[in-house]
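Each residue takes its place number in the sequence, starting with 1. All values derive from a computational prediction rather than experimental measurement.
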Amino acid sequence: MKKLDLKSLNLKTLNLSAWLTVISTYLLPYRHTDGFETSFGYPIPFISVHDVPIGRTPFSSMSVNALALIINVLIVYIILSAITKVWKRLKKS
């Protein structure tokens with residue numbers, strides 16, 4: 001079994017996966033968890049916005065789950081890495 005270390009990470013792919021995760025938040029559908037909360041993020045929601053009265057700032061009603069964001073970035077990274085490996089194999093043959 002291969003050991004995962006920081007040297008084996010492709011930083012360009014990691015950067016691309018982080019940007020794709022953040023941008024996809026605005027493009028993919030969101031979820032209403034109850035009448036007062038809306039969740040954004042795919043596959044794991046990582047931004048929650050609570051309904052606030054008029055006159056309060058939207059940032060005070062927003063929370064970000066950093067662990068779910070990191071998991072989403074890693075999922076996208078794994079998918080992009082797999083696509084890159086398949087692409088390189090097909091390009092060789």
Side-chain angles (χ1 to χ4, degrees):
M1 190 164 152
K2 193 174 181 181
K3 185 178 175 183
L4 179 67
D5 59 350
L6 292 178
K7 293 179 183 177
S8 67
L9 288 177
N10 184 343
L11 293 180
K12 286 184 179 181
T13 307
L14 186 63
N15 186 21
L16 179 63
S17 64
W19 279 106
L20 285 175
T21 302
V22 171
I23 291 171
S24 69
T25 303
Y26 294 101
L27 300 176
L28 295 174
Y30 55 89
R31 300 177 199 148
H32 285 288
T33 54
D34 57 15
F36 301 104
E37 183 182 36
T38 305
S39 297
F40 300 91
Y42 190 79
I44 302 169
F46 60 91
I47 295 177
S48 297
V49 179
H50 302 279
D51 192 22
V52 294
I54 296 175
R56 289 188 60 190
T57 62
F59 290 114
S60 66
S61 67
M62 184 183 298
S63 64
V64 177
N65 184 347
L67 181 62
L69 176 61
I70 291 170
I71 291 171
N72 283 346
V73 169
L74 289 177
I75 290 170
V76 173
Y77 175 81
I78 291 168
I79 292 169
L80 287 177
S81 296
I83 290 172
T84 304
K85 285 181 183 179
V86 169
W87 180 261
K88 286 181 181 180
R89 282 188 187 163
L90 289 176
K91 200 173 179 181
K92 278 185 177 179
S93 55

**Report entry** Given N15, L20, L14, the one that forms side chain to side chain contact (heavy atoms under 4.5 Å, CB included) with S17
**Finding:** L14
Report summary line: Heavy-atom closest pair (A68 atom, P45 atom, distance to 0.1 Å) is CB-O, 3.8 Å
Do any side-chain atoms of residues 69-80 form donor-acceptor pairs under 3.5 angstrom with protein atoms, and if so which ones, sequence neighbours left out?
residue, atom, partner, partner atom, Å
N72, OD1, I44, N, 3.2
N72, ND2, I44, O, 2.7
Y77, OH, N10, N, 3.0

Query - CZ (F40) with more than 12 external heavy atoms under 6.0 Å - result: yes
